[in-house]
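I have placed the structure first, in the form of structure tokens, so that the comments after it can refer back to it.
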Amino acid sequence: MSVKCPDPEMLARVYYSLRLIRRTEEEIARIYPSDKIKSPVHLSIGQESVSVGVCDVLEKNDIMSATYRGHAAYLAKGGNLNQMFAELYGKGTGGAGGKAGSMHLIDMKAGVLGMSAVVGTTIPVAAGYALALKRENLGRVTVCFFGDGATEEGVFSETLNFASLHNLPILFVCENNGFAIHSPLSNRWAKEALCERVSTYSISTHEISDGDVFAIRQTAKAALNAIRSGEGPQFMECKTYRWREHVGPGEDYDEDYRSRDELTFWQKNDPLTTTAKMLTDLKRQAIDIDIEKKIAEAVKFAEDSPWPDSKELFSHVYAD
Amino acid sequence: MSVKCPDPEMLARVYYSLRLIRRTEEEIARIYPSDKIKSPVHLSIGQESVSVGVCDVLEKNDIMSATYRGHAAYLAKGGNLNQMFAELYGKGTGGAGGKAGSMHLIDMKAGVLGMSAVVGTTIPVAAGYALALKRENLGRVTVCFFGDGATEEGVFSETLNFASLHNLPILFVCENNGFAIHSPLSNRWAKEALCERVSTYSISTHEISDGDVFAIRQTAKAALNAIRSGEGPQFMECKTYRWREHVGPGEDYDEDYRSRDELTFWQKNDPLTTTAKMLTDLKRQAIDIDIEKKIAEAVKFAEDSPWPDSKELFSHVYAD
Amino acid sequence: MSTQTDLNVRILSYVDALNEAVEQEMELDENVFVIGLNVDDHKGIQGTTQGLLEKFGSERVMDTPLSEDAITGICIGSAMAGMRPIHVHIRMDFLLLCMNQLINMAAKAHYMYGGQTKVPMVARSIIGKSWGQGAQHSQGLHSMFMHVPGLKVVAPTNAYDAKGCMMAAIRDNNPVIFVEHRLLYSTDAPVPVDPYIVDFGNARVVGEGSDITLVGISYMLIECLAARDLLSEVGISAEVIDPVSLMPLDIDSIASSAKRTGKLLVVDNAWTTAGAGAEIVAAVCEQASLSSVGRMGYASTTCPTTPTLEKLFYPNAASIATRAFSMVRPKEKQWKPDVEPILPHEVAFRGPF
Amino acid sequence: MSTQTDLNVRILSYVDALNEAVEQEMELDENVFVIGLNVDDHKGIQGTTQGLLEKFGSERVMDTPLSEDAITGICIGSAMAGMRPIHVHIRMDFLLLCMNQLINMAAKAHYMYGGQTKVPMVARSIIGKSWGQGAQHSQGLHSMFMHVPGLKVVAPTNAYDAKGCMMAAIRDNNPVIFVEHRLLYSTDAPVPVDPYIVDFGNARVVGEGSDITLVGISYMLIECLAARDLLSEVGISAEVIDPVSLMPLDIDSIASSAKRTGKLLVVDNAWTTAGAGAEIVAAVCEQASLSSVGRMGYASTTCPTTPTLEKLFYPNAASIATRAFSMVRPKEKQWKPDVEPILPHEVAFRGPF
Ligand SMILES: Cc1ncc(C[n+]2csc(CCOP(=O)(O)OP(=O)(O)O)c2C)c(N)n1
Ligand SMILES: Cc1ncc(C[n+]2csc(CCOP(=O)(O)OP(=O)(O)O)c2C)c(N)n1
Ligand SMILES: [Mg+2]
Ligand SMILES: [Mg+2]
């Protein structure tokens, strides 16, 4: 690990967040076969450290934008767990009253911008929010998470150019897990030179290849300081790995598009395990118990919550 | 000039082409106030050397794609002059029977792909044609001309990635005249690093900063050889200058968006003048006379041609 | 239109009315800003954005790269943060580059996110015509936006509505597609100096009549009014209605007129198939069965550049009058007005751009 | 459908019929190729492209980057050069990224260039439903393409038409938007082994009747057929028509049925405003004035994910039957069928993807 002995409070926070996300999604996977969750789920299991490392150094009133694979980012930014489970269940108490499901999570109170099921669409939207923050001039920033596939959409290049041209307070974070559904980078990228390319828009870039949560955190912290001091957009490419299938609760290593060896490599360096080892058993157990309690409460909240009233079908079509 | 004494035949060809384009567009500008040309015209005057330098080293059966500012490329590739004037006049004998006007010129016989009035749209289309040529495997290539503004459209980045990924036989040529309508690069580009950016798609790039027709020709020749020998796409950025207003026949140096000094600089290095000087008076006069004859014929052809039959409104909506 | 009785009413062109609406809203609300290619140049989008840069600076009058897709998303994001962007497109055809953001994000955000966010933005788009605008600079695509819940669509046809609808669009908390037509720019009308709102969803009877109801959308309203004059010469009294806003659409006003005249002809500045005319005719027929209904619009072809074919591509006062005549007097043989009125703005209009 | 009398007819699923059509055309014409994200993976677009990679190789079965806009243009360019691309989109919603190329280039090229070039391409697009597909994975946008001259639009509702229309689409020299529906994939029908064509522009009466004409578009045809059964129990005889192709549209067959029954109800798998239903109702009313016409489709809202609201978003057999009943027997009080038929494919369907 890049950080030998991290500040214990920070360590506890990071472990808590990693563990909360992992366990929440394992619980989702457990519940999934019951069909209580009638929404496609794109699990982040294995990719938690990117969201956790970055969001740990965000201010509460900073803004975070993520994708349909957004559970990790949502929770790392402090999104409401009860409302998330209720939303997945399609209940009226969900963050969007059951209209969003897993792919369109939002929690503006926690600074979580709405997610999108159309790859790449959130990138310019996050930049637009950053444009408003620049005018506001209170030092707030926007963080924009997206996958390697999203960088292939033209709107990504267009947004980088505009964000740099106007010196927007935005941190772009690419979670490069090497796949778009089942399509490997080699089918999609002419060259693996993402940071190099982004820097041609005069945006400072940072590459983290091993998913190290502390390295990601350190890098994000420095990048955010630069942004807040008016240096304009920054870019991070974090190599990571999706442990589960693209969509759904299971694994898919029996399919020929990737091998379990890849998983093994990433599991050996799982930040959740390594941070767990850095904690005292007592401390760790306290956190684990707290997390189980919170998740159990959230599931119960979702199960006990009512379905949305049928008149809700026609609410929020237009804003007053 | 980069080439001290060019082969006389080539010199004559290049001068002929430069002069034909210049005089054709001057003639269009002369006729324009008469309203006989009921089409917006985006003149290339001043930018001829890019089209001429590149197209001089193309084979007749190679394919060329250009923009609404396409008169130069159309003529340099050998597009039919009579049909061009007739098309601008909206006559039935025009290349597209009067349905295209100046912005959508086409001449498939000469390998001129259809042009488009929507910036950037022809870039992937040219690449698609190149995909077919790759399958055909006869060594034919596609050349794709576009402006600096077109590189800002996401589809440009998407196309570069795909073209390189699939090693397509295509030469991308950016005519960087520094403006999109009246908007300067500084309003649109975060950084002037186009070649650098394109090379991150593992595409070889070449920058020509002075509009030197022989330098452009030499560079294109080498690039085309590389493409034909299977090395995949190549990219040229040619700095150039639009002498006239964005659209229409006149000048607009009285407007505040640019100064006449810029024009003066480029006029000093006008390839038409410099190549003219390299020819014997006899040779030059012969060419000039021939060109005036051709243009006069073309104008007469357009004026004498009939309007399209009204039933043509409904032809070509769908292909049989 | 009570405000029209104000003392401080002057004759203003459509261009100046748009310009004034935006300027006044920018003064009233610092969150309003204008963004789009060349909005800050000396031509100022045919004058509609002229002077705004000098008055409000480049932070609120932003030139952009050619990146319509991203700029649309950027407008959406800034709107979610409380700003009120006005995104300018010099041709409606370019909205086709913005469909993903406008339809998958802007139209759906408020609903999809359970009301947690709003997208108050205006997309201004100009429909081109004549001077060889051709296939890609002439499209009227408003029906595509009418089709999608969450979007509003307005198409004012005079300077008064241009100002009132623009102020309403800017203040609206939803994405509004603002449909302008190049040939309306030079038309003028009495326009109050003070800010005012033209509420969406109110169709306007601009010419009363009893034999047939003509609905003219965008620029086609002008042609319908001219057709009404032609028809009156043969004793046919046509009622002409301007829907003003297409979404929301005031179908009841149109239906009550059509029920009264028994005949409905909708003339759209767009193609007819699955267009605004189809919506209006279908919606009226769902309410009452009329003796005769019809639609006119662009020919079912791509728009040609040559004037001789372009002339046949568009409905005009004469062809509208002929069609209306055949609907009112189906038994009589076809009638063609011998005069073809020249419309004022066609004289004023300076092509090509 | 004479070919259906062939000896070599088997029961095939919609998925397998699509797969067979593409495979046979790829064998017959080396210019045909398949391109799209994940067309070459183990899931093979729910099986519709399965096995093609192994048989034809990666030059003709191309995976792509996420670059729908460019890939569409690349398909257009390759088509201009004589190839016949089939561009696959796993959701129709993603066509919103392709609008500029499809509408400004593909639809217009043949006309705008005076016939010098053709664009024979197929854009396959799947409409999603249920399992929380939600706002951005459920849209039926076919009316937007019907609106634009130069494009063809087909929406086969059974395996037989799926194969015949796909082969026709691939051989067509124009851009064809091929509308599929996820819930039709598991349905099956007798399908000939040999290649065959289902010509566009022929609507099909799939259930005869005399009291009302129901037109069911895409998946809604299935619901209309179930509604027909429900109606028959109360003595109402509904004629059900499948337009099969929407552009060209066989309006005459629909109109002649509607004139006979006097009542027309169009049920679309999309929003109704300026939709395919508006076109059909308006076009029929231009021909004849019926006693009653109506449209059903998506609720005028964004599609919610939660099943309780999603259920209300879509028309179904029961709501269609109720609406038809009220049109046939306007004086009687509202009727609701007590049973709600479970449709075969809904059982077979495995969500969520
Ligand atoms: C514009 C668009 N094209 C295609 C899809 C289908 N799709 C859903 S997720 C996905 C993969 C995207 O890959 P990446 O951006 O790397 O994100 P990851 O799933 O790996 O987190 C694709 C192609 C989509 N949702 N949107
Ligand atoms: C997609 C699109 N956006 C905007 C326009 C309006 N427009 C016409 S020409 C032009 C300038 C393009 O600049 P550039 O690509 O540098 O080409 P140049 O005109 O300088 O040759 C613009 C913005 C357009 N035609 N298409
Ligand atoms: Mg990925
Ligand atoms: Mg330029």
Top contributor to chain D contacts, counting heavy-atom pairs under 4.5 Å, from [options]:
| options | answer |
| --- | --- |
| B/N161, B/L105, B/D107 | B/D107 |
| B/A127, B/G97, B/G95 | B/G95 |
| B/T121, B/T159, B/T122 | B/T121 |
| B/A132, B/G128, B/S157 | B/G128 |

- Message: Are B/H166 and D/M62 packed together at the side-chain level, in the sense that at least one heavy-atom pair is separated by less than 4.5 angstrom?
- Response: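 Yes, at least one pair of side-chain atoms sits under 4.5 Å.
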
- D/I76 and B/Y129, any side-chain heavy atoms less than 4.5 Å apart: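 Answer no - side chains too far apart.
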
- Residue, of D/T117, D/L151, D/T64, that accumulates the most heavy atom pairs under 4.5 Å with chain B: D/L151

With a 4.5 angstrom heavy-atom cut-off, which part of [X] approaches chain B: side chain, backbone, both or neither?
| X | answer |
| --- | --- |
| D/P65 | side chain |
| D/I35 | side chain |
| D/M83 | side chain |
| D/M112 | both |

- Query: Just checking, B/K99 and D/Y113: is the charged tip under 6.0 Å from the six-membered ring centre and within 45° of the axis?
  - Reply: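 Judged by the rule, B/K99 and D/Y113 form no cation-pi pair.
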
- Message: Quick check for you: to the nearest 0.5 Å, what is the distance between D/S78 atom OG and B/K134 atom NZ?
- Response: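 One gets 12.5 Å once the value is rounded to the nearest 0.5 Å.
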
- Could you give the distance from CD (D/Q116) to NE2 (B/H104), rounded to the nearest 0.5 Å? 14.0 Å

- Task: Assess whether atom CG of B/D320 is packed by more than 12 heavy atoms of other residues, nucleotides or ligands within 6.0 Å.
- Result: no

- Query: Just wondering, are more than 12 heavy atoms of other shown residues or ligands nearer than 6.0 Å to CD in B/E136?
  - Reply: yes

Using heavy-atom distances under 4.5 Å, tell me whether [X] contacts chain D through its side chain, its backbone, both, or neither.
| X | value |
| --- | --- |
| B/E312 | backbone |
| B/L113 | side chain |
| B/V118 | side chain |
| B/L165 | side chain |
| B/L160 | neither |
| B/S65 | neither |
| B/A100 | both |

- Task: Before giving the answer on side-chain contact (heavy atoms from CB on, under 4.5 Å), spell out for B/R135 and D/E30 the whole-Å C-alpha distance, their side-chain angles and the decisive distance to 0.1 Å.
- Result: CA-CA 10 Å; B/R135 305 258 172 106; D/E30 63 174 17; over 6 Å; no

- Message: Consider side-chain contact (heavy atoms from CB on, under 4.5 Å). Of D/M247, D/H110, D/K118, which one does B/Y318 pass it with?
- Response: D/M247

- Note on the structure: Test side-chain contact (heavy atoms from CB on, under 4.5 Å), reference B/P124, set D/I74, D/T72, D/D69, D/I71, output is D/I74

- Go through the steps to decide whether D/F33 and B/L131 satisfy the test side-chain contact (heavy atoms from CB on, under 4.5 Å), and finish with yes or no. CA-CA 12 Å; D/F33 71 104; B/L131 176 66; 4.1 Å; yes

- Task: Carefully, step by step, assess B/V125 and D/Q101 under the rule side-chain contact (heavy atoms from CB on, under 4.5 Å).
- Result: CA-CA 9 Å; B/V125 173; D/Q101 286 292 335; 3.7 Å; yes

